[in-house]
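The next block holds one structure in the form of structure tokens; read it before the comments.
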Amino acid sequence: MLTNTDKNSDISLNGGLGGEAFLNLIKGKKNGNQILQMHGELALDSVGHELQNYSDFSFANGIVGIGWMIEFCAQNNLINIDSDKILEDVDDKIYQFTLLSISKNVPNVTEILDLITYYELRLLKKNSSAHYYRRFTHLECLILLIETAKKKIKVDTFLKNSGTKYFNEVVLTLLKFSHLTYNGISDTLFEEELYGGVEFFITHFELVYSLYQKNSTDASEITKLYMLLCMTARQYNNRYWVIEMESFYNKLREDFSSIINTDFDFYTRVTMMELIYDEPLINENLFNSITGNQEHIELLTFYLSNYRPFSLSLI
């Protein structure tokens, strides 16, 4: 039996066969290149054969990410398949994994958000051929995962748990909640946590700022943090939040300008994030930049699954 460490069985989205399939299908569709589309379909077939032996459930490297990618391709007409039939076994495996994840004494935030991403997209499928019970299960799992995520971002715990890792988890959760709302999930499920969380990062900007050092690593982290909060505000369509978060982001951009301008990797990341924020309907240059390098697949899938204004409008 193949294992996740076998060289030829790397089906992951990030650097594996899954990512290769995804990029070829996207570029083939956009450019009308049938050869690229064929390569993408062949790679996807290989992914399907390996999937049954896979035990990694992460988004970046495992079953959850591959399942999301297949559903995304189906919904965006990159492949002509009935995803309900293709993903039937995947749904069952992810359902079992979901029950394990939410039953942990200390849930893994990344794991929970990955699962929310999967169920969110599955529920967006129109004209589903799946039995009602399966879609009901998807919705119930999504609600349970949201409840689990909410426990991690109670406002009264922010000051007790303040730290760069914790703040990053909170902001990623807030971004995901705003994405759910954009996709029609009622914010009554998480309204208190979303409002409280965003308002915390507005009211306590100086506190958050004080936890980060003025070096390249920390400057990159807090700049990314407030750009994601800008995206959260815009995605939730709250004008006051947008004004406040953009103000904080611009301050950080100015304070760290000397670091940004001398650190090529930092500059590249900042520039890419600003392009995605300012030009959410992806333009030709941004499309080529993101899809031209498989190392950018993580960036591509992150924004496609978390920032709804960002879309591959050219495909």
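None of the values given here were measured: they were computed from a predicted structure.
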query = Which pair of non-hydrogen atoms, one from Thr301 and one from Glu298, has the smallest distance, and what is that distance?
reply = OG1-O, 3.2 Å

inquiry  = Please verify the inter-ring angle class for Tyr226 with Phe205; under 30° counts as parallel, over 60° as perpendicular, anything in between as tilted.
reply    = perpendicular

task = Run the numbers on Lys251 and Glu254 for salt bridge (charged side-chain N to carboxylate O under 4.0 Å, His left out), then give the verdict.
result = CA-CA 5 Å; Lys251 173 178 171 50; Glu254 182 178 349; over 6 Å; no

task = Show the numbers, then the answer: is there a side-chain contact (heavy atoms from CB on, under 4.5 Å) between Asp263 and Tyr267?
result = CA-CA 6 Å; Asp263 186 324; Tyr267 174 80; over 6 Å; no

task = Could you tell me how the ring of Phe167 sits relative to the ring of Phe200: parallel (under 30°), tilted (30 to 60°) or perpendicular (over 60°)?
result = tilted

Check against side-chain contact (heavy atoms from CB on, under 4.5 Å), Asn33 and Lys27 = CA-CA 8 Å; Asn33 188 322; Lys27 291 190 288 186; over 6 Å; no

inquiry  = For Asn237, I'd like to know if atom CG has over 12 heavy atoms of other residues, nucleotides or ligands within 6.0 Å.
reply    = no

key: Working for side-chain contact (heavy atoms from CB on, under 4.5 Å), residues Leu142 and Leu180   = CA-CA 10 Å; Leu142 180 62; Leu180 288 167; 4.3 Å; yes

message = Tell me if the centroids of the rings in Phe22 and Phe72 come within less than 6.0 Å of each other.
response = yes

message = Before you tell me yes or no, could you show the steps for Asp91 and Arg122 under salt bridge (charged side-chain N to carboxylate O under 4.0 Å, His left out), namely the whole-Å CA-CA distance, both residues' side-chain angles and the distance that decides it to 0.1 Å?
response = CA-CA 9 Å; Asp91 281 343; Arg122 290 288 284 130; 2.7 Å; yes

Closest heavy-atom pair and its distance - Met69, Gly18 = CE-O, 3.5 Å

request  = Indicate, with yes or no, if Tyr119 and Leu124 share a hydrophobic cluster defined by side-chain heavy-atom contacts under 4.5 Å among Ile, Leu, Val, Met, Phe, Trp and Tyr.
outcome  = yes

inquiry  = Ile63 vs Asp56, test: side-chain contact (heavy atoms from CB on, under 4.5 Å). Steps then yes/no.
reply    = CA-CA 6 Å; Ile63 294 173; Asp56 187 326; over 6 Å; no

key: Shared hydrophobic cluster, Leu123 / Ile86 (ILVMFWY, side-chain heavy atoms < 4.5 Å)   = yes

ask   = Between Tyr195 and Tyr236, is the gap from one ring center to the other below 6.0 Å?
value = yes

query = Once the angle between the rings of Phe190 and Phe177 is folded into 0 to 90°, is it parallel (under 30°), tilted (30 to 60°) or perpendicular (over 60°)?
reply = parallel

